[in-house]
Amino acid sequence: MSEVPKAYESGKIESKWYDFWVRQGYFTPRIDPDRKPFVIVMPLPNVTGDLHLGHALFVTLQDMMTRWRRMLGEPTLWLPGTDHAGIATQVVVERQLAEQGKTKEEIGREEFAKLILKWANKNRHDIRHQQQLLGASCDWTREKFTLDEGPSEAVRTAFVRLYNKGLIYRGERMINWCPRCQTAISDLEVEHKDITGHLYYIRYPLTESEGFVTVATTRPETFLGDTAVAVNPEDKRYKKLIGKSVTLPIIDREIPIIADDAVDTSFGTGALKITPAHDPTDLEVAQRHNLPLVDIMNPDATMNENAGPYRGLERFACRDKVLADLKGKKLLEKIEPYSHSVGHCGRCQMMIEPKVSLQWFVQTQPLAKAAIEAVKDGRITIIPERFAKIYFDWMENIRDWCISRQLWWGHRIPVWYCQDCGKLTVSVDGPSACTHCGSKQVIQDPDVLDTWFSSALWTHSALGWPEDTDDLRYFYPGSVMETGYDILFFWVARMIMMGLENMGEVPFHTVYLHGLIRDKGGEKMSRSKLQANAMSPAEPIRDYGVDALRFALTVGSTAGNDMSLGQDKLESGRNFVNKLWNATRFILRSLDAEQLEAQVTELQPQRLEDQWIDSQLNKLVKNVTGLMEEFQFGEAEQQIYDFIWSKFCDWYIEIAKIRLRSQLTPSPLPFLANTLEKSLRLLHPFMPFVTEELWQSLKQRLRDKGRMPASIMIAPYPFADDKGFAPEAERVMDSLTEIIHSIRNMRAEYKVKPNRWIAARIYTDELLSGLTTQANIIETLAKVRPLTILGRQERERTKDKALVLVLREAEVVVPLADMVDRRAEEQRLLGESEEIKGRIARLESRLSDSAFLSKAPSHVIDRQKQKLATLEDKLKRLHRELSQLSSPSADN
RNA sequence: GGGCGGUUAGCUCAGCGGUGAGAGCGCCUGUCUUACACACAGGAGGUCAGAGGUUCAAAUCCUCUACUGCCCACCA
C-alpha cells in the first residue's frame, strides 16, 4: 500500500464514493413491514438560487442522523425536495425582467410562468448537485418538487377539504399589502423595523361650533380615509363632544366623534382618528360602530379617486402635500419626533400597507388547538426545549392565516366563480360547469396560494397523499424534523397543524432546531435578501474538503445556538482529516511490512495497552451512543475526535511503534486495525468520505474482509460491550502516562534531548510488558530503579545525584542532578509545596464540617478523603526531595 | 410593550449542581523523532459579566442589575 499519498486529496475521492453509493442504491430504503423506519423529510430549499452555509449545516445534520440510523440497521428514508417559493422566486425573476426593461404584464402570465419554470429547473439541478457534493445520502429516486402533479393535487385536496369543513373562507379582512410585490402577504412575512418618524398633530374643525379636535398620527395622508374620530368614553376633556362631529379639512367630509374603550387617554391628545380601511385597530373600532370604510389607495400605493385632489400621488408624496396644505390652513398644530415600528415586506423590504381586502384565509384556531395538544402530551418533542414555549405562545395567540397571493407563480386556488349565478365551485379537478346552476361560465380564481400552504402538507404530500400509497403507509409519520429555528412558525407549526388535520396523526415525533450560521458581522445568512451575505459552501469544499466542512459546522455545537464559521474551524477539520489519514497510512504500511493480514474480530487483549485502548474505545462507543440518542451530536463528534487524536494516535500508536520496532510479540497490529476500523465506523456519519476511503483501504488488508459489507455506510454502527471495560488497565495506564508526563516535563524544563526517547526507554525496558491488570505499578517501577530515562549520551554521566519525581502512585528516580539548577529547583518545589498545603487545608476543613459529613453522599466524602491522603503523601515526598536537594551527597 | 438567548482563556465556543474549569485557533519554548510540521513535546493564560440568595457543595439553581443579540407585538 505504499501508493497511499501523504495527504488526503478530497475532491476526487468524494465524487468517487458518492457515485459508488448512488450506484449501489444505498440511499433508497427497502420497505420492511417488520421494522420501524427512520424518516426525515428534508426542509425544502427554495429554488431561488445556490445553497449557502446554512444549507450545508442542515444537510450535514440530517445526513449524520440518517447515516447513523442506517448503520443501526433501520430502513432509513431521507426524502429530498425543492420548493417553488412563490414570492421569493417571482421577485427574483421580475428583477431579471426589469433589467431587460420588461415587465411581467408585457409578456403575460403564461410566458412569465414558463420563464420562471426554466429558471427554477436550472436552480433545482444546481441545488441537487450541491447537496450531493456535501454527501447527502437522501433518496433521490423519491425526490419531489412542490409543483409536481402529486403535491399539487394534495394542495387542492387539502384546500377543498378545509373549505368544506368551513376552515377555509373568503372574506374582507385587514391584510398586509406589499405595494411592490402587489400581493397580500401573511403576518409572518412582515418584518417589523424601528423607524424614526414623526407624530403629527392635526386639527379637525368641529362642524357645529368653533374650535378643533386635535388628533395625533404618524401617517397624516390617511386622514383622507377617516370616517370618525374616537375618544375614550371616560375622558373628561372630550365627554361633551361625543356624538358631535368634525369636518375633515380639504375634502370637507363630516365625520362623527365616537366613544370607544380602545382609545388610550394618555397617548397624543387622547383623540384618535379612525381610518378603518388602512389600520387594523381602526377597523375594529369601525366594526363596533358600523362606520363606513374608505379605501384611499391603489394597489401600487398611489392615491385613488377617494383621495380627491391627491389622486394619483404616491403615498409619501401625498403625505408631503397633505402636510403642506394643512400647514397652510394652520391646521397642523405641531410635529414631534417619534420612533415606532413599521412593517416591511419580508421579500422586497418595501413598506407594508395595511389594507382591507378580499382574500382567502385559513381559520387556524381549531387546527392550532390540536397542534398544541400534540406537543403538550409529548407526541412531539421539541429540541431544544425552550422553543416549545415559544411555539405555545405563538399557537395560543394565532390569528387567521391569509393564504391567497396575487402572484402568477404557485398553486392556483381551486375555486371557480360562476358568471351566471355568482356562486363558487370549489373542486380538486377543474369543473366544467358551475355545480350550483350548471352554467359553463365559470372562471377560476386568478390568485395562487401561499407557498407555505403547500410546504405545510409536505410531510405527507411528498409521500403520495391524498393517495393511499405504500410509502405513505410505511413512512408516515416521520421521525425527526430537523430545521432552523427561524422557520418554527412558518413551517414546523403549520406542518403539525396540517399533518394532524389531514392524517390524524403527528407528522413527526421530534423537532430538532439548529442555530443559524451568522456572518462575521453577526448577520443571519440569507441569499434572498437585498443585502445577500450568503457564503457558498463551494469554496470551503474546494479548499478543505467536505468532511472538514462538515466537521467545522457541527463539532462541539449545540442545538438552537447560533454560530459563526471561520477559517480556523475549517483548518481544524482539515487537520483532523489529515491526522486520520496518516494514522491509517501508518497502520497500512505496518501491515505491509509485516506481510500481515490482520483481523478485526475476536481479539483477546493480553497486554496493558491493548486492554486500555479497548476499554477506552468501548467507553467511547457507549458515550457516543448515548449522546446520539439525546441528539447531542456535537458532543458525540467531539468525543470521537478526542479519542482518535489524544488516545489512539498520541498514546496507543506511539506505544505500538516501539513494539513494532522491537518485534515484540504479540504484535499490536490486530488492535491497531481493530481500533481504527471501529473508529472509522463511529466517525462515518460525521465525515462520510474519508472514512469510506480509509475503511476500504483497510478492508483490503483484513483477513475477515470476505465477511465485511461492501461499504462502510452499510456496516453496522459499533455498539458497546459491557465486558469491554478494563478499569484496572485504565488505572495503571493513567499512572504510566502521568509518569511519562512528569518526565517529559522535566526534560523540557532542563532541556534534555532527544524528546521521544523517554517513552521508548520505558517500554523497551519491559516496564509496560511487565504490567498486567493485576500488576502493582509501584512494585514494577521499583524493579527498574533508577529508571533510565535519559538519552544514551547522558546516561553515562548521570551517576551523581538522583532527583525524585513525585507522582500520584509512585516515585520515579531520575538521575538528573548534574544538570539541575538547585536554586531554581528548590524554588519550584517550595512553590508547589505551598499550593499543596493550601489544598490540604481546604480539604481538611471540608472534612471536619459536620454538615458536609452528614449531608453529602458517601462517595463524594470518600473521594475527598482519598484526595487528602494523596496530597499528604505528595507533600511528604516533596519535603524529602527538598531535603535531598539541600544535602547533595547521596548517590542514588 | 412582551418573551427568549448570550456574557467562561487573546479569539470562536463547549461544560449547566459534586468540589484543583475544558477544546480548537492564537501565543511562548523546543523538535523536520521515517504516519502526520495540516505534526510532535512542553508551557503561559480564566475572582466562569456584577450583586444578592438557596445548598454540606454553585460557572452550573433562584432573584435583581448591567451590557449584548434575537423573536413576537394592531405604540395612533
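Keep in mind it's a predicted model, so treat the numbers as computed, not measured. By convention in this document, chain letters (A, B, ...) are assigned in the order of the sequence lines, proteins followed by strands, and residues within each chain are numbered from 1.
Using atom P as the reference point in both B/A14 and B/C38, the two lie 29 Å apart (nearest Å). Nucleotides B/A58 and B/G1 have their P atoms positioned 37 Å apart, rounded to a whole Å. When the P atom is compared between B/C71 and B/A57, the two are found 41 Å apart, to the nearest whole Å. Between B/U29 and B/A49, the two C1' atoms lie 34 Å apart (nearest whole Å). Rounded to a whole angstrom, the distance from the P atom of B/C56 to that of B/G24 is 38 Å. Between the C1' atoms of B/G22 and B/A59, the separation comes to 12 Å (whole Å). Rounded to whole Å, the separation between the P atoms of B/C40 and B/U34 comes to 15 Å. Between B/C25 and B/U19, the two C1' atoms lie 30 Å apart (nearest whole Å).
Separating the NZ atom of A/Lys855 from the P atom of B/U19 is a distance of 20 Å, rounded to the nearest angstrom. Look at CZ on A/Phe586: it is 6 Å from P on B/A35, rounded to the nearest Å. Atom CG in A/Asp264 sits about 13 Å away from atom P in B/G1, given to the nearest Å. What separates CZ of A/Arg288 from C1' of B/C74 is a distance of 11 Å, to the nearest Å. Between A/Glu637 atom CD and B/G24 atom P the separation is 15 Å, expressed in whole Å. Across the protein-nucleic acid pair, A/Glu385 atom CD and B/C16 atom C1' stand 14 Å apart, rounded to whole Å. As a whole-Å value, the separation of A/Arg574 CZ from B/C25 C1' is 12 Å. Between the C1' atom of B/A35 and the CG atom of A/Leu588 lies a distance of 10 Å, rounded to the nearest Å.
Side-chain proximity of A/Cys649 to the nucleotides B/C4, B/G24, B/A35 is greatest for B/A35. If you check B/U19, B/C38, B/C75 against the side chain of A/Asn578, the one that comes closest is B/C38. Considering only side-chain atoms of A/Arg585, the nucleotide from B/C74, B/G24, B/A35 that sits closest is B/A35.
Between the side chains of A/Lys334 and A/Thr214, no donor N or O sits under 3.5 Å from an acceptor N or O. Side-chain atoms of A/Glu284 and A/Thr281 form no donor-acceptor pair, as typed in the model, at a separation below 3.5 Å.
For A/Asn397 and B/C72, the shortest distance from a side-chain N or O to OP1 or OP2 is not below 4.0 Å. Regarding contacts with the backbone of B/A23, every side-chain N or O of A/Lys569 stays at 4.0 angstrom or more from both OP1 and OP2. Checking the phosphate oxygens (OP1, OP2) of B/C74, a side-chain nitrogen or oxygen of A/Arg399 falls inside 4.0 Å. Listed pair A/Lys389 / B/C4 meets the phosphate criterion, a side-chain N or O lying under 4.0 Å from OP1 or OP2. Contact between the side-chain N/O atoms of A/Asn561 and the OP1/OP2 oxygens of B/A14 is found at a separation under 4.0 Å. Not one side-chain nitrogen or oxygen of A/Arg386 sits closer than 4.0 Å to the OP1 or OP2 atom of B/C4. Dashed line: the shortest gap from a side-chain N or O of A/Trp645 to OP1 or OP2 of B/C40 is under 4.0 Å. For B/A14, one of the phosphate oxygens OP1 or OP2 lies less than 4.0 angstrom from a side-chain nitrogen or oxygen of A/Thr558.
Residue contacts for A/Gln638: at a heavy-atom cut-off of 4.0 Å it reaches the sugar-phosphate backbone alone, with no base atom in range. Residue A/Gly556 is classed as a sugar-phosphate contact, given heavy-atom separations below 4.0 Å to backbone atoms only. Residue contacts for A/Phe576: at a heavy-atom cut-off of 4.0 Å it reaches no nucleic acid atom on any strand shown. Backbone-only contact: A/Ala216 has heavy atoms under 4.0 Å from sugar-phosphate atoms and none from a base. At the heavy-atom level, A/Thr584 lies nowhere under 4.0 Å from the strands shown. Residue A/Asp650 is in sugar-phosphate contact alone, with no base atom involved, counting any heavy-atom pair closer than 4.0 Å across all strands shown. Using a 4.0 Å heavy-atom distance criterion, A/Val263 is classed as a base contact. No engagement by A/Asp393 is indicated, since no non-hydrogen atom pair under 4.0 Å with the nucleic acid exists. Nucleic acid contact for A/Pro354: none, since no nucleic acid atom lies under 4.0 Å from a heavy atom of the residue.
If A/Leu272 and A/Ala851 are placed on RNA chain B by their nearest nucleotide, the residue sitting closer to the 5' end is A/Ala851. Between A/Asn582 and A/Lys273, the residue anchored nearer the 5' end of RNA chain B, judged by the nucleotide with its closest heavy atom, is A/Asn582.
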Could you give the side-chain donor-acceptor pairs of residues 845-853 of chain A under 3.5 Å, partners two or more places apart or in another chain?
residue: A/Ser845; atom: OG; partner: A/Arg842; partner atom: O; Å: 3.1
residue: A/Arg846; atom: NH1; partner: A/Gln864; partner atom: OE1; Å: 2.8
residue: A/Ser848; atom: OG; partner: A/Glu844; partner atom: O; Å: 3.1
residue: A/Ser848; atom: OG; partner: A/Ser845; partner atom: O; Å: 3.1
residue: A/Asp849; atom: OD1; partner: A/Ala851; partner atom: N; Å: 2.9

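Of the charged side-chain nitrogens involved, none lies within less than 4.0 Å of a carboxylate oxygen, so that A/Glu191 and A/Lys193 do not count as a salt-bridged pair. Electrostatic pairing of A/Arg173 and A/Asp400 does not count as a salt bridge here, judged by no charged N lying under 4.0 Å from a carboxylate O. A/Asp592 and A/Arg701 are joined by a salt bridge, as a carboxylate oxygen and a charged side-chain nitrogen come within less than 4.0 angstrom of each other.
The closest donor-acceptor contact from the side chain of A/Asp547 to the backbone of A/Val690 lies under 3.5 Å.
No option in A/Phe489, A/Phe387, A/Trp401 other than A/Phe489 meets the ring pair (Phe, Tyr, Trp, His ring centres under 6.0 Å) test with A/Trp394.
Side-chain to base pairing of A/Lys657 with B/A35: one donor and one acceptor N or O lie within less than 3.5 Å of each other. Residue side chain A/Glu654 reaches the base of B/A35 through a donor-acceptor N/O pair under 3.5 Å, judged by distance alone. For B/U19, its base never sits under 3.5 Å from the side chain of A/Arg863 at any donor and acceptor pair.
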inquiry  = For RNA chain B, please output the secondary structure as dot-bracket, reading 5' to 3'. Pairs are Watson-Crick or G-U wobble, both atom distances under 3.5 Å; mark crossing pairs with [ ], other-strand partners with |, unpaired with a dot.
reply    = ((((((((.[[[[.)..(...]]]].(((((.......))))).....[[[[[..)....]]]]])))))))....
inquiry  = Could you walk me through whether A/Ser557 and A/Phe633 satisfy the side-chain contact (heavy atoms from CB on, under 4.5 Å) test, starting with their C-alpha distance in whole Å, then the side-chain angles of each, then the deciding distance to 0.1 Å, before giving a yes or no?
reply    = CA-CA 8 Å; A/Ser557 69; A/Phe633 308 115; over 6 Å; no
request  = Could you give me the CA-CA distance, side-chain angles and deciding distance for A/Leu549 and A/Leu53, then say whether side-chain contact (heavy atoms from CB on, under 4.5 Å) is met?
outcome  = CA-CA 9 Å; A/Leu549 172 63; A/Leu53 285 174; 4.0 Å; yes
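For A/Phe671 and A/Tyr652, the ring centers sit 6.0 Å or farther from each other.
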